[in-house]
Amino acid sequence: MTPAARIAAAIELLDEIEKAMASRGAPADAIVASFFRARRYAGSGDRRAVTGLVYGILRRRALLVYMASVAGLEPNARALVIAALKLDSEQLDMFGTEDRFAPAALTAAEEGMSVDVASAPEDARLNIPDWATAGLHARFGDELAPAMAALAETAPLDLRINPLKRVSEKIINNFKNSYELIDFNDYTNISMRSAQHRVLTNEALYRDGQIEVQDVAAQVASLLVGAKLGEQVVDFCAGAGGKSLLMAATMENHGQIHAFDISGKRLDALKERAKRAGAHNIQVKRLPLKDDERSSMQRPLLGRMDRVVVDAPCSGSGTWRRNPDQRWRLDDAALAEQAALQSAILKEASALVKPGGLLVYMTCSLLPAENEAVADAFAAENPDFVRRDFRDFWVGPWLQGAAPSSLALNATDLQLAPHAHATDGFFIAFFERRPGA
């Protein structure tokens with residue numbers, strides 16, 4: 001592809017993503033994959049250039065929308081691409097060239113688009129969507145600017161060793177050297193990290209289940225659950241099962257993990273991952289959508305579980321480094337609906353906890369409305385549960401060092417964030433059911 005054709009392709013691809021965000025359709029990564037499957041002629045350099053431009057736009061979309069609006073332009077894909085190129089001072093001469101694939105020549109309004117970033121409102125400069133403004137200001141206060149700058153970066157690739165496989169230190173060191181991985185030892189002793197994303201599906205350690213891809217925040221959350229040998233555990237919103245796999249390892253395959261989810265596709269992925277990882281104590285159970293069928297499925301487990309984990313569906317604001325389109329998919333009403341769903345799921349799951357058992361609520365969100373507000377409401381409405389301090393669960397053998405400082409709005413819960421902890425944004429609250437309750 002010529003440089004001009006790459007810009008035209010970026011406009012076309014971004015247009016598809018913009019439409020999907022407006023309709024809450026497919027995520028950006030799926031759209032990108034489909035886009036290039038239909039364009040086999042695009043080489044690896046073309047794909048990198050086009051996706052790099054598009055993802056760069058998604059990471060600072062609020063500022064680019066502001067620039068287009070000030071110029072009197074509709075903030076469509078073309079205007080956003082032009083605004084991004086103006087900020088980077090490159091390739092605007094590709095518009096309107098004789099290249100038959102080139103985008104149309106710039107209009108007068110496009111030519112005159114301002115690049116005076118300093119005059120833009122704070123939320124535009126920091127790329128904050130309207131629906132998340134109050135929550136992010138409440139969370140970060142004076143640290144808002146560095147927090148948002150970290151969320152605009154590209155996330156590293158985090159891996160973890162599978163304790164069930166007992167892979168040798170020599171093999172791991174050889175793997176780290178070949179992939180330029182570093183130990184990430186602030187919180188766990190099973191983590192590795194790379195600044196570059198790599199395809200690992202053909203790597204022997206991955207195929208054999210000796211390593212898994214998992215952000216350090218999710219590793220910490222899984223280890224804090226503290227699932228032990230012989231216990232009965234429910235992973236209520238298991239998804240593809242990253243946390244179930246690590247809990248199976250801490251349980252050394254003794255006891256049972258009941259992995260629930262409404263998605264058969266995600267649970268099928270968990271089955272394959274469990275087989276590869278050698279995790280034999282995970283029972284995969286699809287949650288019915290009908291209330292009567294759902295209740296019937298859970299009835300044998302009521303009040304019998306040692307630990308119940310609720311990794312609730314959320315805004316995903318803590319993962320914006322990985323999914324920059326995610327911040328443009330919600331609004332105030334959707335956030336309120338999400339919080340109501342989280343409360344309902346937490347209440348439903350709590351009935352499975354036995355007296356003396358532990359209920360762990362977690363999200364990959366940074367917003368108090370999905371985190372402390374949900375946990376506070378549950379605590380107020382359920383006096384048979386006692387809020388516990390996350391530091392009580394910061395114990396070995398895989399968690400290491402002192403418990404990290406938390407950005408939560410209270411002293412008991414753990415809130416992680418990229419700028420402070422070099423992890424995804426993640427929230428965890430702990431509730432113990434009173435003995436005899």
Side-chain angles (χ1 to χ4, degrees), residues 128 132 135-160 182-193 212-226 237 239 242-243 246-247 309-324 326-327 342 360-376 387-395 398-431:
I128 301 176
L136 292 174
H137 279 266
R139 175 70 68 207
F140 297 121
D142 293 340
E143 291 292 306
L144 182 64
M148 296 311 298
L151 281 167
E153 296 173 355
T154 301
L157 171 66
D158 284 350
L159 306 173
R160 66 164 177 81
I182 61 171
D183 290 315
F184 184 74
N185 288 324
D186 285 359
Y187 309 125
T188 88
N189 57 16
I190 56 174
S191 302
M192 298 176 288
R193 168 167 288 181
E212 287 285 341
V213 177
Q214 189 176 39
D215 182 79
V216 169
Q219 296 178 37
V220 167
S222 306
L223 295 171
L224 280 172
V225 172
C237 305
K243 296 176 188 66
L246 187 47
M247 289 190 294
V309 178
V310 179
D311 185 0
C314 69
S315 66
S317 53
T319 67
W320 283 348
R321 298 183 304 168
R322 303 175 190 282
N323 308 296
Q326 191 72 22
R327 72 179 77 196
Q342 291 154 357
V360 187
Y361 175 69
M362 56 181 73
T363 76
C364 55
S365 174
L366 294 162
L367 303 178
E370 300 183 281
N371 296 344
E372 291 94 338
V374 172
D376 290 349
R387 194 88 157 257
R388 293 287 304 275
D389 192 311
F390 78 93
R391 287 163 289 205
D392 295 342
F393 304 97
W394 195 273
V395 295
W398 294 291
L399 288 168
Q400 62 182 13
S405 59
S406 174
L407 296 177
L409 304 181
N410 54 48
T412 59
D413 305 334
L414 176 59
Q415 176 72 66
L416 302 171
H419 78 292
H421 305 96
T423 69
D424 281 351
F426 214 92
F427 175 84
I428 315 169
F430 297 84
F431 301 91

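Since the model is a prediction, treat every value here as computed from it, not as a measurement.
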Asks: Between Phe430 and Phe393, how do the two ring planes meet: parallel, tilted or perpendicular, split at 30° and 60°?
Replies: parallel
Asks: Distance alone, cut at 3.5 Å: any donor-acceptor contact between the side chains of Asn371 and Thr363?
Replies: yes
Asks: What's the spacing between Asp413 CG and Asp389 CG if we round to 0.5 Å?
Replies: 8.5 Å
Asks: Measuring from atom CZ of Arg388 to atom OG1 of Thr412, what distance do you get when rounded to the nearest 0.5 angstrom?
Replies: 11.0 Å
Asks: Going by atom types only, do Arg160 and Gln219 share a side-chain donor-acceptor pair under 3.5 Å?
Replies: no
Asks: Do Val360 and Ile428 have side chains that get closer than 4.5 Å, going by heavy atoms?
Replies: yes
Asks: How long is the span from the CZ atom in Arg193 to the CG atom in Leu159, to the nearest 0.5 Å?
Replies: 10.0 Å
Asks: Restricting to side-chain contact (heavy atoms from CB on, under 4.5 Å), what partner residues turn up for Ser406, sequence neighbours left out?
Replies: Phe390, Ala408, Leu414, Gln415
Asks: Where do Gln342 and Ala312 come nearest, in terms of heavy atoms and distance?
Replies: CG-CB, 3.8 Å
Asks: So which atom in Leu366 and which in Ala417 form the shortest heavy-atom distance, rounded to 0.1 Å?
Replies: CD2-CB, 3.9 Å
Asks: Measure the spacing between CG of Leu151 and NE2 of His419 and express it to the nearest 0.5 Å.
Replies: 9.0 Å
Asks: Has the side chain of Glu372 got a donor or acceptor atom that lies under 3.5 Å from a matching backbone atom of Leu409?
Replies: yes
Asks: Where is the tightest heavy-atom contact between Gln400 and Asn189, given as atom of each residue plus distance?
Replies: OE1-CB, 3.3 Å
Asks: Side chains of Leu246 and Ile190, heavy atoms from C-beta outward: is any pair under 4.5 Å?
Replies: yes
Asks: Is any side-chain heavy atom of Trp398 less than 4.5 Å from a side-chain heavy atom of Tyr187?
Replies: no
Asks: Taking C-beta and beyond as the side chain, do Asp215 and Thr423 meet within less than 4.5 Å on heavy atoms?
Replies: yes
Asks: Could you state the interatomic distance from OG (Ser405) to CZ (Arg391), rounded to the nearest 0.5 Å?
Replies: 10.0 Å
Asks: Compare every heavy atom of Pro313 with every heavy atom of Cys237, then report the nearest pair and how far apart it is.
Replies: SG-CD, 4.1 Å
Asks: With sequence neighbours excluded, tell me which residues meet side-chain contact (heavy atoms from CB on, under 4.5 Å) with Asp311.
Replies: Lys243, Met362, Phe426
Asks: State whether a side-chain donor-acceptor pair under 3.5 Å links Thr319 with Gln326.
Replies: no
Asks: Within this structure, what is the CZ-OG distance for the pair Arg327 and Ser317, rounded to the nearest 0.5 Å?
Replies: 9.5 Å
Asks: Between Gln214 (side chain) and Asp158 (backbone), is there a donor-acceptor pair under 3.5 Å?
Replies: no
Asks: Just by distance, do the side chain of Thr188 and the backbone of Leu399 share a donor-acceptor pair under 3.5 Å?
Replies: no
Asks: Over all heavy atoms of both residues, which pair between Pro156 and Arg321 is shortest? Give the atoms and the distance, please.
Replies: CD-NH1, 3.6 Å
Asks: Apply side-chain contact (heavy atoms from CB on, under 4.5 Å) to the pair Ile128 and Leu144, showing each step before the final yes or no.
Replies: CA-CA 10 Å; Ile128 301 176; Leu144 182 64; 3.9 Å; yes
Asks: Would you say the side chain of Cys364 lies within less than 4.5 Å of the side chain of Phe427, judging by non-hydrogen atoms?
Replies: no
Asks: What I'd like to find out is whether the side chain of Val216 reaches to under 4.5 Å of the side chain of Asp424, using heavy atoms alone.
Replies: no
Asks: Sub-3.5 Å donor-acceptor pair from the side chain of His137 to the main-chain atoms of Ala132, do we have one?
Replies: no
Asks: So do Leu367 and Arg139 actually touch side chain to side chain, heavy atoms under 4.5 Å?
Replies: no
Asks: Does Arg322 pair with Glu153 as a salt bridge, N-O distance under 4.0 Å?
Replies: no
Asks: Are the side chains of Trp394 and Val220 in touch, meaning some heavy atoms are under 4.5 Å apart?
Replies: yes
